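Only one structure is covered here, and it is reproduced in the block below.
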Amino acid sequence: MMKNEDVMNIAKKRGFLWSSFEIYSGVAGFFDYGPLGAILKNKIMNKWRNFYIVGEGFYEIESPTIMPEEALQASGHVDHFNDPMTECKECLEVFRADHIIKETTGEEVEGLENQKLTEIISAEEIRCPRCGGHLTHVWSYNLMFQTLIGAKGKKTGYMRPETAQGIFIPFKRLLRFYRGKLPFGVVQLGKAYRNEISPRQGMIRLREFTQAEAEIFVNPADKSHPHFQDVADHVLTLYPADIQEEEGEPVKITAKKAVQQGVVSSEMLTYQLCLADKFMAELGIPVDVIRFRQHLKTEMAHYAIDCWDVEVYTDRYGWIEVIGIADRTDFDLKSHSEYSSEDLRVFIEYDEPRNITKTVAKPDMKKFGPLFKKDAPKIMNALKETDPDAIKLAFAESNVYDLQLEGETYQLTPDLLSFEEVEETVRGEKIYPHVIEPSYGIDRITYSVLLHCFKQEDDRNILCLPADLAPVGANVFPLVNKDDLVLVSTHIRDDLRIQGIIAELDTSGTIGRRYARSDEIGTPFAVTIDHQTLEDKTVTIRERDTQKQVRLPVTKIPDTVNELLNKKINFSDLEDT
RNA sequence: GCGGCUGUAGUCUAGUCUGGUUAGGACUUGGGCCUUCCAAGCCUACGACCCGGGUUCAAAUCCCGGCAGCCGCACCA
């Protein structure tokens with residue numbers, strides 16, 4: 001029995017996860033988080049916020065999940081987030097049209113239009129590779145869910161395929177919020193949608209999933225990190241592209257060396273790898289099932305210059321990507337800039353202003369004005385944009401420079417212009433920031449946490465969740481179901497809730513059964529009320545992982561449990577006192 | 001999207017081939033008894049034939065279609 005099966009069975013049984021729309025047979029690629037699953041997922045997301053918003057000083061925004069077509073045209077998703085498909089009329093097999101052409105003709109046809117691909121298929125008489133049947137015309141299978149915006153349904157919209165775009169689009173506002181200075185980071189947590197053809201990998205390939213993404217905008221000339229020293233000695237398990245090609249093993253290396261040896265392309269990117277590593281560790285996922293795999297050149301998206309996937313090992317699916325950390329360069333901002341005609345650049349001030357001397361062509365207005373009359377102002381404007389050296393060169397060759405402007409040609413002659421050397425002070429320049437993007441798949445991470453926190457000892461199922469992630473903080477049990485013990489238990493349960501702890505009372509079955517249920521949902525602590533409680537007002541508190549028990553006064557229970565859950569104290573500290 | 005296999009309570013399963021009593025059992029769960037620390041025992045209750053059509057006097061059972069799951073193929077910016 002695979003661990004995957006045990007975990008998924010328990011997740012279903014105990015209300016963590018189940019497939020959606022079950023009473024209508026379900027739909028592949030959709031999952032519900034049940035009562036405990038929803039808390040777990042939220043706790044993971046809040047820990048993530050704690051890392052990136054509190055720890056790194058990034059702020060969170062929330063943008064719509066439905067996006068207009070233009071925005072996704074700019075991002076490249078309308079044109080490139082789809083696959084050209086063709087179907088065999090005989091055996092009904094479906095193929096990637098570009099792949100099938102490449103196989104038979106050897107020609108690279110990626111990016112060609114469907115019409116063109118259809119023509120190639122008929123011109124080259126390409127047939128179904130399986131049965132030799134005729135192929136249909138090529139259509140695009142776009143992985144985005146399409147919808148219509150508004151009652152008249154004139155405007156095409158799509159469910160967003162990633163949360164990142166929602167950060168790039170209001171970039172000007174965000175830059176203003178951060179008062180114009182790089183670097184800064186913005187995060188977004190939310191749903192994203194991809195209409196996968198045939199998802200069959202449970203929680204691993206979902207059609208609707210939750211991302212937590214940070215977009216960190218940096219000066220391309222400075223990809224250092226101010227706190228890199230804090231992570232310099234952090235050891236990462238890296239699996240660089242060249243070692244993958246040689247079919248070698250991942251290497252353990254400090255962050256500092258990874259940067260020095262150029263294994264990872266920048267300090268900023270390396271810092272992000274370390275941050276992700278620390279995050280995964282706090283989720284209770286052991287180091288030996290985590291590795292950082294660099295994208296091969298062939299699999300890297302066209303806009304990225306370096307990309308590392310954080311992978312977690314699973315018995316069912318092998319190594320799965322749970323986080324992608326990429327240097328997206330200036331691709332997105334540049335593209336949105338072009339499509340929207342908004343200037344999405346950032347002004348970078350030089351350390352010291354630079355004095356530049358340059359030649360300018362200065363018109364002699366006494367002759368210039370009368371000659372060109374009302375056209376004179378716009379010609380002067382055009383002159384400022386023209387390279388003076390080009391004019392000089394034209395004068396040297398033919399004594400005339402033809403200035404093309406709005407379809408007209410204006411002849412400039414040497415007597416109209418004089419050339420002057422001008423000193424100018426330049427204080428900085430406008431650049432497109434580069435984007436470093438850690439992108440977390442929260443559902444896959446939640447799955448990984450359940451998978452790797454699950455343990456079986458003898459006949460015990462234990463979900464060894466870190467105390468601060470456990471959905472239920474503490475369970476309260478009367479040792480036996482006597483009215484007076486149950487009454488005290490109820491009060492203790494209520495006192496825990498007043499402390500803000502999710503606490504449950506369980507009076508069903510025997511004490512052993514209650515502990516077993518408690519362990520299976522990962523509740524870290526259980527408080528048991530027995531006969532001695534009635535005599536001296538003490539109760540026992542039991543730790544899930546060790547099954548050890550310590551006796552404490554009832555009055556200390558809420559504070560103690562709180563400190564245990566927040567990891568301010570360890571259970572062993574209680575044993576010593 | 002294609003092919004093969006599969007679909008009975010929350011879970012595991014008997015029954016399906018060969019149509020015919022009230023669809024049987026175990027575990028789980030709820031209630032009760034008992035019980036003073038890790039799924040004990042006893043009593044009791046709840047709970048299922050994936051959906052739709054067809055054949056038939058009669059369908060969990062046979063036939064067709066759909067949906068879902070598993071395996072293989074394909075797909076995965």
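All of these numbers come straight from a predicted model, not from anything done at the bench.
For the pair R544(A) and F525(A), the minimum side-chain heavy-atom distance is 4.5 Å or more.
Here D519(A) lies out of heavy-atom contact (under 4.0 Å) with every strand. Within 4.0 Å (heavy atoms only), Q549(A) reaches at least one base atom of the nucleic acid. Here R460(A) lies out of heavy-atom contact (under 4.0 Å) with every strand. At the heavy-atom level, E520(A) lies under 4.0 Å from base atoms of the strands shown. R517(A) comes within contact range of the sugar-phosphate backbone alone, with a heavy-atom separation under 4.0 Å but no base atom that close.
A donor and an acceptor atom, one from each side chain of S63(A) and Q188(A), are located under 3.5 Å apart.
Distances shown here put every side-chain N or O of T510(A) at or beyond 4.0 Å from the OP1 or OP2 atom of U35(B). Phosphate proximity of G31(B) to S508(A): present, with a side-chain N or O under 4.0 Å from OP1 or OP2. OP1 or OP2 of U29(B) has at least one side-chain nitrogen or oxygen of R513(A) nearer than 4.0 Å. Listed pair R316(A) / C71(B) meets the phosphate criterion, a side-chain N or O lying under 4.0 Å from OP1 or OP2.
Going from atom NZ of K13(A) over to atom P of G47(B) covers 21 Å, rounded to whole Å. Between the CG atom of D506(A) and the P atom of C38(B) there is a distance of 16 Å, rounded to whole Å. Look at CG on N475(A): it is 15 Å from C1' on C37(B), rounded to the nearest Å. Whole-Å rounding puts the I462(A) CD1 to A39(B) P distance at 13 Å. Rounded to a whole Å, the CZ atom of R514(A) is 10 Å from the C1' atom of C37(B). Between the CD1 atom of I521(A) and the P atom of U28(B) there is a distance of 18 Å, rounded to whole Å. Atoms CG (N461(A)) and C1' (U28(B)) sit 13 Å apart, rounded to a whole Å. Atom CD in E457(A) sits about 14 Å away from atom P in A39(B), given to the nearest Å.
Applying the Watson-Crick and G-U wobble criteria (two distances, each under 3.5 Å), C73(B) pairs with G1(B). In this structure A68(B) sits in a base pair with U6(B), meeting the Watson-Crick or G-U test at under 3.5 Å. The base-pairing partner of U35(B), taking Watson-Crick or G-U wobble contacts with both distances under 3.5 Å, does not exist among the strands shown. Pairing for C49(B) is absent, judged as Watson-Crick or G-U wobble with the two contacts each under 3.5 Å. With both pairing distances under 3.5 Å, C62(B) is matched to G54(B) as a Watson-Crick or G-U wobble pair. Pair check for C12(B) finds G25(B); Watson-Crick or G-U wobble, both atom distances under 3.5 Å.
The base of C37(B) sits within donor-acceptor range of the side chain of Y515(A), with an N or O pair under 3.5 Å. For E196(A) against C75(B), a side-chain-to-base donor-acceptor contact under 3.5 Å is absent.
Between the P atoms of A23(B) and G31(B), the separation comes to 28 Å (whole Å). The same atom, P, is picked in A14(B) and in G7(B); the two are 10 Å apart, to the nearest Å. For the C1' atoms, the distance linking C49(B) with G15(B) amounts to 10 Å, nearest Å. C12(B) sits 15 Å from U28(B) when the P atoms are compared, rounded to a whole Å. As rounded to the nearest Å, C27(B) and G19(B) have P atoms that lie 34 Å from one another. Across the C1' atoms, A9(B) and C46(B) are found 10 Å apart, a figure rounded to whole Å. Atom C1' of U16(B) sits at a distance of 25 Å from the matching atom of G3(B), rounded to the whole Å. Between U56(B) and U13(B), the distance separating the two P atoms is 35 Å to the nearest Å.
Judged purely by atom type and a 3.5 angstrom limit, S20(A) uses its side chain to pair as donor or acceptor with the backbone of D32(A). Checking side-chain atoms of T533(A) against main-chain N and O of T538(A) turns up a donor-acceptor pair under 3.5 Å. E520(A) places no side-chain N or O within donor-acceptor distance of the main-chain N or O of N461(A), the cut-off being under 3.5 Å. Side-chain N or O atoms of S337(A) include one that pairs as donor or acceptor with a backbone N or O of E342(A) at under 3.5 Å.
Which of A77(B), A39(B), C38(B) sits closest to the side chain of F81(A) comes down to A77(B). The side chain of A28(A) approaches G69(B) more closely than any other nucleotide in the set C38(B), C37(B), G69(B). Out of C38(B), U11(B), A39(B), the shortest distance to the side chain of R14(A) is found at A39(B).
Closest-nucleotide positions on RNA chain B for G26(A) and G509(A) were compared, and the one nearer the 5' end corresponds to G509(A).
Using a 30° and 60° split on the angle between ring planes, H336(A) and F168(A) fall in the tilted class, from 30° to 60°.
With D506(A) as the fixed residue, the side chain to side chain donor-acceptor pair (under 3.5 Å) test singles out one of R513(A), R493(A), R517(A): R517(A).
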